[in-house]
Novice: 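What follows is a structure written as structure tokens; I'll ask about it next.
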Protein chains: 2
Amino acid sequence: MKNIGDSVHDFFTLKKQLCFAIYETAGEFTKLYTSVLHPFGLTYPQYLVLLALWEQDGITLKDLGETLSLGTGTLTPMITRMEANGWLRKERSRQDERRVFILLEEKAHAEKQAITKKVGQEIQSCHIELDEYSQLMKQLNQLQQKLKQRKS
Amino acid sequence: MKNIGDSVHDFFTLKKQLCFAIYETAGEFTKLYTSVLHPFGLTYPQYLVLLALWEQDGITLKDLGETLSLGTGTLTPMITRMEANGWLRKERSRQDERRVFILLEEKAHAEKQAITKKVGQEIQSCHIELDEYSQLMKQLNQLQQKLKQRKS
DNA sequence: TACGATTTAATCGTACACGATTTAAATAAA
DNA sequence: TTTATTTAAATCGTGTACGATTAAATCGTA
């Protein structure tokens, strides 16, 4: 009785599933961020793109995809929408025509402060303790490692 | 310096965002479950529906939605697909014609053991400790409470 | 140099996910 | 009883998300 899933009796209950707890929490975050970001004309995944680019402007679509764990099937249309909304632009590399650099537009720099401030306020309003926060981060990262390593 | 978001310096970094850690972990779970469930002709959200119905067969679409935190915009087409694949059927209430009961078909009962066994095996292959598991569950539930209560 | 393999994006098809609107049924109020 | 409100599903539009395929550019090696 040391491992998860050994006692099949009541393990397969929605409430006891870690996968569901994560699924639901992700949904809650999406809702919270959506409410904050909507006034800026941003979706939650688009905000993650901005976070990545504020750190590393001008990276390639491929690298952005690796940073966010997203494929081109998701990113290409998303970047197209963000380009249409003036957040960024695409620029094909001259050295290697296969690559596309993603570059932030002025709007993304100009709105950064306002956006992060609002997000920060909203997160603070949840009263999450610093301990709780970093503990969870640590555990989630550990769990991710295990989920990824499974392939072996 | 007690609260999250106070030090804006490097807090708005993808790697330090709890929301992103959850987002990514949810994605990893989705991939893992997808690989297990694909042979059964199930998606991960459809598996969650089965988990809910194995516990409470015959509940209404509304109650199922509340259990899974999903609206009819998501559930109606999903249930339609699962009905087409023989997992369940819909039955409109005679007492209250607005309500629709969701009832499992034989296939869902027959395959339950095989599905849960496979899922259990796959989760075990990740070597998640029981402590780790329940700790995370507890913390995620706490966090969810805080995210939901925020509305005030 | 030529040509097969690899890399990078774009495209396509399917399936969530959500807010908003619509429709029909049931209930409450006037 | 008639009307207004509420409730439950279905529908619609937009936006992820992913695997598979396609197309073009580059690279490796003979």
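Reckoned from all heavy atoms, side chains included, excluding hydrogens, waters and symmetry mates. It should be emphasised that the depicted structure is a prediction, and the values quoted were computed from it without experimental measurement. All chains are named by letter (A, B, ...) in the order of the sequence lines, taking the proteins before the strands, and each is independently numbered beginning at 1.
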Novice: Map A:Glu97 and A:Met82 onto DNA chain D by nearest heavy atom, then report which one ends up closer to the 5' terminus.
Specialist: A:Met82
Novice: Mind checking B:Gln95 for me? I need base, sugar-phosphate or nothing, with any heavy atom below 4.0 Å counting as a touch.
Specialist: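 Here B:Gln95 touches the backbone only, sparing every base.
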Novice: What's touching nucleotides 10-13 of chain D from the protein side, N or O pairs under 3.5 Å?
Specialist:
residue: D:dA10; atom: OP2; partner: B:Thr76; partner atom: OG1; Å: 3.1
residue: D:dA10; atom: N7; partner: B:Thr72; partner atom: OG1; Å: 2.9

Novice: Any non-hydrogen side-chain atom of B:Leu143 less than 4.5 Å from a side-chain atom of B:Leu18?
Specialist: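 Answer yes - side chains close enough.
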Novice: Tell me: CD of B:Glu83 to C1' of C:dA15, nearest whole Å?
Specialist: 17 Å
Novice: Using 4.0 Å as the upper bound for N to carboxylate O, is an ion pair formed by A:Glu132 and B:Lys146?
Specialist: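 So B:Lys146 pairs with A:Glu132 through a salt bridge.
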Novice: Looking at side-chain heavy atoms only, is the closest gap between A:Thr74 and A:Leu68 below 4.5 Å?
Specialist: no
Novice: Side-chain donor-acceptor pairs under 3.5 Å in residues 40-54 of chain B, sequence neighbours left out?
Specialist:
residue: B:Thr43; atom: OG1; partner: B:Gln46; partner atom: N; Å: 3.2
residue: B:Tyr44; atom: OH; partner: A:Cys19; partner atom: O; Å: 3.2
residue: B:Gln46; atom: OE1; partner: B:Thr43; partner atom: N; Å: 3.3
residue: B:Trp54; atom: NE1; partner: B:Ala108; partner atom: O; Å: 3.1

Novice: Holding to side-chain contact (heavy atoms from CB on, under 4.5 Å), I want the full list of residues that pass it with B:His109, two or more places apart in sequence or in another chain.
Specialist: B:Asp57, B:Leu104, B:Glu106
Novice: Let's see if you get this right: which residues in residues 30-46 of chain A place a heavy atom under 4.0 Å from DNA chain D?
Specialist: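 A:Thr43, A:Pro45, A:Gln46 - these, ordered by number, are the residues of the stretch whose heavy atoms sit under 4.0 Å from the strand.
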Novice: Would you indicate what B:Leu75 reaches in the nucleic acid, counting non-hydrogen atoms under 4.0 angstrom: base, sugar-phosphate, or nothing?
Specialist: nothing
Novice: Heavy-atom count check: over 12 atoms from other residues, nucleotides or ligands less than 6.0 Å from A:Lys118 NZ?
Specialist: no
Novice: For the pair made of CE in A:Met78 and P in D:dC18, what is the distance, rounded to whole Å?
Specialist: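 Computing the A:Met78:CE to D:dC18:P distance gives 11 Å.
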Novice: Return all side-chain donor-acceptor pairs below 3.5 angstrom for residues 79-86 of chain B, not counting sequence neighbours, or 'none' if the list is empty.
Specialist:
residue: B:Thr80; atom: OG1; partner: B:Thr76; partner atom: O; Å: 2.8
residue: B:Glu83; atom: OE2; partner: B:Lys90; partner atom: N; Å: 3.3
residue: B:Asn85; atom: ND2; partner: B:Arg81; partner atom: O; Å: 3.3

Novice: Roughly how far apart are B:Glu24 CD and A:Leu147 CG, rounded to 0.5 Å?
Specialist: 11.0 Å
Novice: Check step by step if side-chain contact (heavy atoms from CB on, under 4.5 Å) holds for A:Arg99 and A:Lys62.
Specialist: CA-CA 8 Å; A:Arg99 290 197 243 173; A:Lys62 175 184 169 13; over 6 Å; no
Novice: Whole angstrom is fine here: how far is it from CZ in A:Arg99 over to P in C:dT6?
Specialist: 19 Å
Novice: Grab the OH-C1' distance between B:Tyr23 and C:dC16 for me, whole Å please.
Specialist: 13 Å
Novice: Decide yes or no for A:Ile102 and A:Ile59: does some side-chain heavy atom of the first lie under 4.5 Å from some side-chain heavy atom of the second?
Specialist: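 The answer is no, as the side chains (C-beta and beyond) never meet within the 4.5 Å cut-off.
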Novice: Ignoring backbone atoms, establish whether B:Arg81 has a side-chain N or O less than 4.0 Å from OP1 or OP2 of C:dC16.
Specialist: yes
Novice: Would you kindly give the CG-to-P distance between A:Leu64 and C:dT8, to the nearest whole Å?
Specialist: 14 Å
Novice: With a 3.5 angstrom cut-off on both distances, give the Watson-Crick or G-U wobble partner of D:dA30, or none if there isn't one.
Specialist: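 Base partner found: C:dT1.
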Novice: Specify the separation, in whole Å, of atom CD of B:Glu24 and atom P of D:dA17.
Specialist: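 It is 12 Å, rounded to the nearest whole Å.
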Novice: Checking B:Thr60 against B:Asp63: is there a side-chain donor and acceptor pair closer than 3.5 Å?
Specialist: yes
Novice: Rounded to the nearest 0.5 Å, what separates atom CZ in A:Phe101 from atom CZ in A:Arg89?
Specialist: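 Taking CZ in A:Phe101 and CZ in A:Arg89, the distance rounds to 11.5 Å.
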Novice: Contact class for B:Ser69 (heavy atom, under 4.0 Å): base, sugar-phosphate, or nothing?
Specialist: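 The residue B:Ser69 makes sugar-phosphate contact but no base contact.
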Novice: Could you state the atom-to-atom distance from CG of A:Asp96 to C1' of C:dA9 in whole Å?
Specialist: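 Roughly 11 Å, once rounded to whole Å.
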Novice: Provide, to the nearest angstrom, the distance between the CD atom belonging to B:Glu66 and the C1' atom belonging to D:dA9.
Specialist: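 Going from B:Glu66 (CD) to D:dA9 (C1'), I get 14 Å.
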Novice: Mind listing the N/O atom pairs, protein and nucleotides 3-7 of chain D, below 3.5 Å?
Specialist:
residue: D:dT7; atom: O2; partner: B:Arg98; partner atom: NH1; Å: 3.1

